[in-house]
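Each chain gets a letter, A, B and so on, in the order its sequence line appears, and its residues count up from 1.
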There are 2 protein chains.
Amino acid sequence: MLDSQFQVLQLARDCMRWDQIDQQRCSIARSLSVVGERWTLLILRDAFLGTRRFDKFQQNLGITRHRLSERLSKLVKHSVLVKVQYNNRPPRYEYRLTRKGLALYPVLMSLVAWGDEWMNDGMGPPLELVHLNCGEKIHAVASCSTCGEPLRPEEVRPQLGPALMEVAARLESEGECIEEIQSLIRHS
Amino acid sequence: MLDSQFQVLQLARDCMRWDQIDQQRCSIARSLSVVGERWTLLILRDAFLGTRRFDKFQQNLGITRHRLSERLSKLVKHSVLVKVQYNNRPPRYEYRLTRKGLALYPVLMSLVAWGDEWMNDGMGPPLELVHLNCGEKIHAVASCSTCGEPLRPEEVRPQLGPALMEVAARLESEGECIEEIQSLIRHS
DNA sequence: ACATATCCGTTCCGAATTGGAACCAATATC
DNA sequence: GATATTGGTTCCAATTCGGAACGGATATGT
């Protein structure tokens, strides 16, 4: 009971270990607990470009076999990839994006857009993206799911959602100061 | 000369070390070389929620002071944050998002959207986002910079951009097989 | 039949990164 | 003069990582 509050507010310990961030009530922290490790997003980049087999991932990425094996297993465990047998004799497996994995496309595309604009070396983007829908060279923009306008930080107001509401209410009823509830928002 | 090709194709060494991914001609790899380390995106999440001071970051995140100091310095070095003196005596500093830092908003919002949908625990999202433009609770969608339609992986065709074109041309004139040029695309 | 190749990993060890805690310096406040 | 606050740095043990060798199941060449 008290424990879970402390977990959210991180008063239980001076510092939180990285392998515990999935316990935070924060969607970014939870996302990163699955895709936030070294190599993982690069593996997914390759998956979106069509790579499916262990060897190809290893060659394309230059990751060690050990690390690759570990990362792929974790992605399978979290249903971002599925391990599919594509050959009986000898038994051979490949890794394919699931719906959950495909849903990461916006994350990768926004990283591409940022890198193209802010990390280029003056030689233009390494890859160009042609949108078959409109035929133009394009980049990704984050826009509103309802009105379709591009999202700007100052026009988006974060507020306590259902998952945090009750925690906040309990804290308030126990006389916790507003500052700690604010801090809750920061952690969500 | 040959070195730079090997760098791109990663034939020079069996494996590439993580601290060298910024040398890849890949915008995702380059982006991750700045924001891909543990804690960094969580620090930026806090920055977008208004945190500016060393102590507040430390309290909110539960990161060690050492690590925080290192990450902030790196973000300042890459102009994602600026260190601004907000008090003369005693000299006190705070960290603010630059334009380059603000441009990371889509990355964070797409991580939030993915986490809300795929990593929730059945209690609804921790934070709700109200878009002042339309007044609704919304989430971020990646859409086309030209036609505005939501981006779907199968409708986006990646092709060699200027930064890779010349490398590919040189490889071809030297008789490298098409497979290695394909691999170039994968690395870009 | 036997050697070699391919694919998909695992095991092991030294090197690099991280977490945890203590320490430090400049100034404000009691 | 003692204690608190802000913004760090230093140090060491624990964890994670990179590199290279090894393994097992099967195909392929000779």
Does B:Arg67 put a side-chain nitrogen or oxygen below 4.0 Å from OP1 or OP2 of C:dT18? yes
Could you note down all residue pairs passing ring pair (Phe, Tyr, Trp, His ring centres under 6.0 Å) where residues 41-71 of chain B supplies at least one of them, sequence neighbours left out? B:Phe48-B:Tyr105
Distances under 3.5 Å only, N/O to N/O: pair up the protein atoms with those of nucleotides 8-10 of chain C.
residue, atom, partner, partner atom, Å
C:dC8, OP1, A:Tyr86, OH, 3.2
C:dC8, OP1, A:Tyr93, O, 2.9
C:dG9, OP1, A:Lys83, NZ, 2.8
C:dG9, OP2, A:Tyr95, OH, 2.6
C:dG9, N7, A:Arg65, NH1, 2.7
C:dT10, OP2, A:Ser69, OG, 2.6

OP1 or OP2 of C:dT17 less than 4.0 angstrom from a side-chain nitrogen or oxygen of B:Arg17, does that happen here? no
Rounded to whole Å, how long is the line connecting atom CG of B:Asn88 with atom P of C:dA26? 16 Å
Using the C1' atom on both, measure C:dT6 against D:dC22 and round to a whole Å. 16 Å
Between B:Ser143 and A:Ser143, is any side-chain donor less than 3.5 angstrom from a side-chain acceptor? yes
Mind checking what makes side chain to side chain contact (heavy atoms under 4.5 Å, CB included) contact with B:Gln85, not counting sequence neighbours? B:Asn88, B:Pro91, B:Tyr93
Tell me the bend of the helix from C:dG9-D:dC22 to C:dC30-D:dG1 as the angle between end helix axes, each from five pairs, rounded to the nearest 10 degrees. 20°
For A:Met119 versus B:Ser33, what's the shortest heavy-atom pair and its separation? CE-OG, 4.3 Å
Are B:Leu49 and B:Val130 grouped together when hydrophobic residues (ILVMFWY) are joined by side-chain heavy atoms under 4.5 angstrom apart? no
Under 4.5 Å side-chain heavy-atom separation, chaining through any Ile, Leu, Val, Met, Phe, Trp or Tyr, what else clusters with B:Val82? Say none if it is isolated. B:Val84
Show each protein N/O and nucleotides 28-30 of chain C N/O combination with a separation under 3.5 Å, one pair to a line.
residue, atom, partner, partner atom, Å
C:dA28, OP1, B:Arg89, O, 2.9

Taking side chain to side chain donor-acceptor pair (under 3.5 Å) as the cut-off, I'd like each qualifying pair that reaches into residues 109-118 of chain B, sequence neighbours left out, listed once. A:Ser27-B:Asp116, A:Ser110-B:Ser110
Could you check how far CG of A:Asn87 sits from P of C:dT6, rounded to whole Å? 16 Å
If I take atom CD1 in residue A:Ile21 and atom C1' in nucleotide D:dT15, what distance separates them, rounded to the nearest angstrom? 16 Å
Rounded to whole Å, how long is the line connecting atom CH2 of B:Trp18 with atom C1' of D:dT16? 14 Å
For B:Asp55, side chain to side chain contact (heavy atoms under 4.5 Å, CB included) partners two or more places apart: B:Gln59, B:Arg65
For atom CE of B:Met16 and atom P of D:dC17, their distance in whole Å: 17 Å
Regarding B:Glu94 and B:Arg92, does a basic nitrogen lie under 4.0 Å from an acidic carboxylate oxygen? no
Candidates B:His78, B:Lys77, B:Lys100 - the one meeting side-chain contact (heavy atoms from CB on, under 4.5 Å) with B:Val34: B:His78
Note: contacts of residues 31-43 of chain B with DNA chain D (heavy atom, under 4.0 Å) are B:Arg38
Who pairs with B:Arg99 by side-chain hydrogen bond (donor to acceptor under 3.5 Å, both in side chains), at least two apart in sequence or on another chain? none
Provide, to the nearest angstrom, the distance between the CG atom belonging to A:Leu68 and the P atom belonging to D:dA20. 17 Å
Salt-bridge criterion met for B:Lys56 and B:Asp46 (N-O under 4.0 Å): no
Between D:dG8 atom P and B:Lys74 atom NZ, what is the distance in whole Å? 18 Å
Whole-Å distance, B:Gln85 CD to D:dG7 P, equals 11 Å
Partners meeting side-chain hydrogen bond (donor to acceptor under 3.5 Å, both in side chains) with B:Glu149 (sequence neighbours left out): none
Can you name the residues that form a side chain to side chain contact (heavy atoms under 4.5 Å, CB included) with A:Thr40, not counting sequence neighbours? A:Val35, A:Glu37, A:Leu44, A:Arg71, A:Leu75
